[in-house]
Amino acid sequence: MPSRRASAPNVQASLPIPQGWFDKTMTVYAAPLAPGDVMAANIVVSRDALAADEDFSSYCQRQADTFGGSLPGCSILSRVQGQFGTRIAERIELEWSATTGRLHQLVVFIAAGEGVVVSFAASAAAKSFESYRPQFEDSLSLLSITPNSG
């Protein structure tokens, strides 16, 4: 049986978007599993499209409603509208009961223009979230949003 590598090599993969489809690309990074944790801390960056009849504010409201309505034991801890550089953004922190235990998440929605929303979600077990917060905040500060060429 092959052994697992401690870290995966840096390999890029790409796929052309089928005509008429939406780009909802996701990038996922996971920390090594910490002793005593049943879930690895992780960061997910994804793209989404506004619905035809919504603006950025209503998109964020729909997402917050979805969190509250579908995540067991969900508590929205904070919700702040603001900026990400020159772009409008909304930052939500929440906790909810996942199958592996209480989960804490920092989710930032960023209006990327042309009906696109970029989401940054950082997650960890609630008991260890604060120890990861500096890495999460640093990663968020390094997030770059640039228009596609072509």
According to a 4.5 Å side-chain heavy-atom criterion applied to Ile, Leu, Val, Met, Phe, Trp and Tyr, with indirect links allowed, do [X] and [Y] form part of one hydrophobic cluster?
{"X": "V117", "Y": "V45", "answer": "no"}
{"X": "I88", "Y": "L50", "answer": "yes"}
{"X": "L106", "Y": "I92", "answer": "no"}

Which heavy atom of A124 sits nearest a heavy atom of Y132, and at what distance?
CB-CD1, 4.0 Å
In terms of heavy-atom contacts, L33 and A40 come closest through CD1-N, 3.5 Å
Side chains of L94 and V107 in contact at under 4.5 Å (non-hydrogen atoms)
yes
Report the distance from atom [atom1] of [X] to atom [atom2] of [Y], rounding to the nearest 0.5 Å.
{"X": "S123", "Y": "L103", "atom1": "OG", "atom2": "CG", "result": "5.0 Å"}
{"X": "L71", "Y": "Q105", "atom1": "CG", "atom2": "CD", "result": "7.0 Å"}
{"X": "Q63", "Y": "S119", "atom1": "CD", "atom2": "OG", "result": "6.5 Å"}

For residues 138-145, dump all side-chain donor-acceptor pairs below 3.5 Å to protein atoms at least two apart in sequence or in another chain.
{"residue": "S139", "atom": "OG", "partner": "Q135", "partner atom": "O", "Å": "3.0"}
{"residue": "S141", "atom": "OG", "partner": "D138", "partner atom": "O", "Å": "2.7"}

With [X], which residues qualify under side-chain hydrogen bond (donor to acceptor under 3.5 Å, both in side chains), at least two apart?
{"X": "T25", "value": "D23"}
{"X": "S128", "value": "D37"}
{"X": "S58", "value": "D55"}
{"X": "S97", "value": "R102"}

List in chain and number order the residues that pass side-chain contact (heavy atoms from CB on, under 4.5 Å) with T100, two or more places apart in sequence or in another chain; answer none if no residue qualifies.
V38, M39, A98
Considering only residues two or more places apart or on different chains, which pairs with a residue in residues 109-121 satisfy salt bridge (charged side-chain N to carboxylate O under 4.0 Å, His left out)?
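Sorted pair list comes back empty.
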Any pair with a residue in residues 60-78 that passes salt bridge (charged side-chain N to carboxylate O under 4.0 Å, His left out), sequence neighbours left out, goes on the list, sorted by first then second residue, please.
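Only E54-R62 qualify under salt bridge (charged side-chain N to carboxylate O under 4.0 Å, His left out).
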In a table with atom names and distances, give each donor-acceptor pair under 3.5 Å that connects a side chain of residues 73-82 to protein atoms at least two apart or in another chain.
{"residue": "R79", "atom": "NE", "partner": "E90", "partner atom": "OE2", "Å": "2.2"}
{"residue": "R79", "atom": "NH1", "partner": "Q61", "partner atom": "OE1", "Å": "3.1"}
{"residue": "R79", "atom": "NH2", "partner": "Q61", "partner atom": "OE1", "Å": "3.2"}
{"residue": "R79", "atom": "NH2", "partner": "E90", "partner atom": "OE2", "Å": "2.9"}
{"residue": "Q81", "atom": "NE2", "partner": "E90", "partner atom": "OE1", "Å": "3.4"}

Hey, could you give me each pair passing ring-ring contact (aromatic ring centres under 6.0 Å, His included) that has a residue in [range]? Not counting sequence neighbours.
{"range": "residues 33-66", "result": "Y59-F109"}
{"range": "residues 18-42", "result": "none"}
{"range": "residues 72-108", "result": "H104-F129"}

Please confirm whether the backbone N or O of I110 pairs with a side-chain atom of R87, one donor and one acceptor, at under 3.5 Å?
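No: the side chain of R87 does not pair with the backbone of I110.
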When you measure from the side chain of D48 to the backbone N and O of S46, does any donor-acceptor pair fall under 3.5 Å?
no
